[in-house]
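Written out below as structure tokens is the structure these notes cover.
Note that the numbering runs from 1 along the sequence shown for the chain. Quick caveat: nothing in here was measured; it's all calculated off a predicted structure. We count ligands from 1, going down the list as the structure has it; atoms in each ligand are counted the same way.
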Amino acid sequence: MKIFDTLSEKQVKIEKNKKTLNVFVCGLTVYDKSHIGHARTYLVFDALIKYIRSTGQKVFYLQNVTDVDDKIIQRAKENKTSPFALSKKFEKDYHKIEKRLNITSVTKYARASEHVKEIIKQTTTLINKGFAYETPNGVYFRVRKFVDYGKLSKQNLDSLRSGWRIDIDNGKEDPLDFALWKKINTKETKIKKEPIIIDGEPGWKSPWGLGRPGWHIEDTAITEKYFGSQYDIHGGGADLKFPHHESEIAQQESASGKKPFVKIWIHTGFLLINGEKMSKSLDNFVTIEDFLEKYSADTLRLMILSHSIRSPFDYTDESAVASEKTFFSIKNILEKIDFIVKNKKKKVEKETIEIKEFENNFIEALENDFNTPKALAVILELISFIQKKIYFLPSKELIKIKKSIIKMLSTLGFAIPKKGLISGKIEAMVKKRDLAKSNKQFIQSDTLRNKINQLGYSIEDTPIGSFVYKKD
Ligand SMILES: [Zn+2]
């Protein structure tokens with residue numbers, strides 16, 4: 001399988017072999033509700049990991065949970081609650097949302113607050129090697145010493161520097177130097193239990209006094225613990241390239257002396273709204289919960305996977321409605337197959353469908369830079385191909401086609417569409433209408449059709465009888 005790597009800007013191979021593939025994706029900072037821009041990243045990686053696993057390759061998919069952060073501290077103060085009560089709440093909420101979105105591929109979630117020991121260890125290594133220094137406010141990474149800084153985001157550091165003023169108070173040597181450890185100024189010395197909360201800030205003991213980790217070091221300390229100093233794939237939203245991922249490279253390659261830190265960098269594109277990036281800071285976001293009030297989880301997955309994973313795309317209500325319709329047509333064909341298989345009495349043509357060709361095209365699209373729009377197009381092609389002859393295909397073929405569609409859908413992480421349950425009452429009404437129709441009692445038959453419609457079902461007259469399905 002080949003995929004585009006942000007660092008080399010080339011398509012690179014994802015080796016499939018007996019070794020477990022180690023994948024890390026930046027998790028959420030849990031201080032607020034997550035929006036469909038976040039969902040884009042986590043749905044894309046969920047589909048990617050599910051696809052890779054479907055080929056027989058073992059994957060360890062690790063995700064961190066940023067539960068120690070300035071934004072959490074700030075929000076907790078505003079809400080007059082403790083930072084951990086706040087982060088626990090939003091972490092729990094997110095896992096509930098993940099369940100609704102059928103995001104089930106993560107092997108392990110690692111909270112920053114539970115890896116402070118590893119963070120202190122890596123920070124100490126960086127100080128000992130001269131890559132970090134202590135100031136009255138914390139411990140900072142010495143960016144000037146890591147010559148590759150900027151290689152991932154292709155930035156000219158001098159022009160970046162000139163735009164930033166040195167904050168003299170915090171004693172930084174270079175405006176680009178970033179915090180590995182943030183000190184808490186306190187006279188408190190008796191700490192019985194960690195973390196201790198002082199004025200709403202969580203603190204742990206360290207060689208540099210009481211404090212908390214910076215954001216970037218959390219990821220490399222966590223991945224070093226589970227994967228070692230080098231691993232296969234690092235993913236995240238495109239907005240994390242700089243400074244977050246750039247700083248991760250600097251930390252880990254400096255601490256271990258080994259390059260490359262990761263083999264492949266995969267970044268998902270922005271979700272835009274009216275041409276601007278959807279974000280909390282711009283206050284232009286649609287929360288996942290709000291989206292799911294109107295549309296299904298499969299609609300969201302379909303809408304997101306209909307776009308190339310790296311290109312930005314503009315979210316509109318129309319795009320959600322179009323995806324809802326498309327997914328409905330997929331569900332509908334699966335129900336129709338069940339109906340035909342159940343009701344077919346006539347002899348049929350001995351036609352077969354070359355299903356293998358569609359399945360191969362589907363896999364080829366995914367093997368080639370995880371082209372999900374193309375893979376979805378193959379499913380839709382197969383559906384439109386069989387639609388015309390669906391009543392004339394042998395049941396055996398139809399069952400094979402249905403299985404194949406379901407397999408492709410579940411490979412991309414869609415929930416298997418449940419059969420639309422038709423109640424006995426509806427079935428009786430349909431039978432009554434069929435009888436009226438065959439007796440040419442058209443007024444009666446039309447009245448019954450309207451009643452069935454009003455109850456939320458549609459009837460399609462087919463060559464083998466009435467196909468009734470739930471309108472969505
Ligand atoms: Zn991260």
Could you please compute the angle at the Zn ion (ligand 1) from NE2 of His244 to OD2 of Asp219, rounded to 10°? 100°
Hey, is there an N, O or S on [X] sitting under 2.8 Å from the Zn ion (ligand 1)?
X	answer
Glu248	no
His216	no
Cys26	yes

Heavy-atom count check: over 12 atoms from other residues, nucleotides or ligands less than 6.0 Å from [X] [atom1]?
X	atom1	result
Lys18	NZ	no
Lys58	NZ	no
Lys154	NZ	yes

Decide whether Thr316 and Ser319 meet the rule of one side-chain donor and one side-chain acceptor closer than 3.5 Å. yes
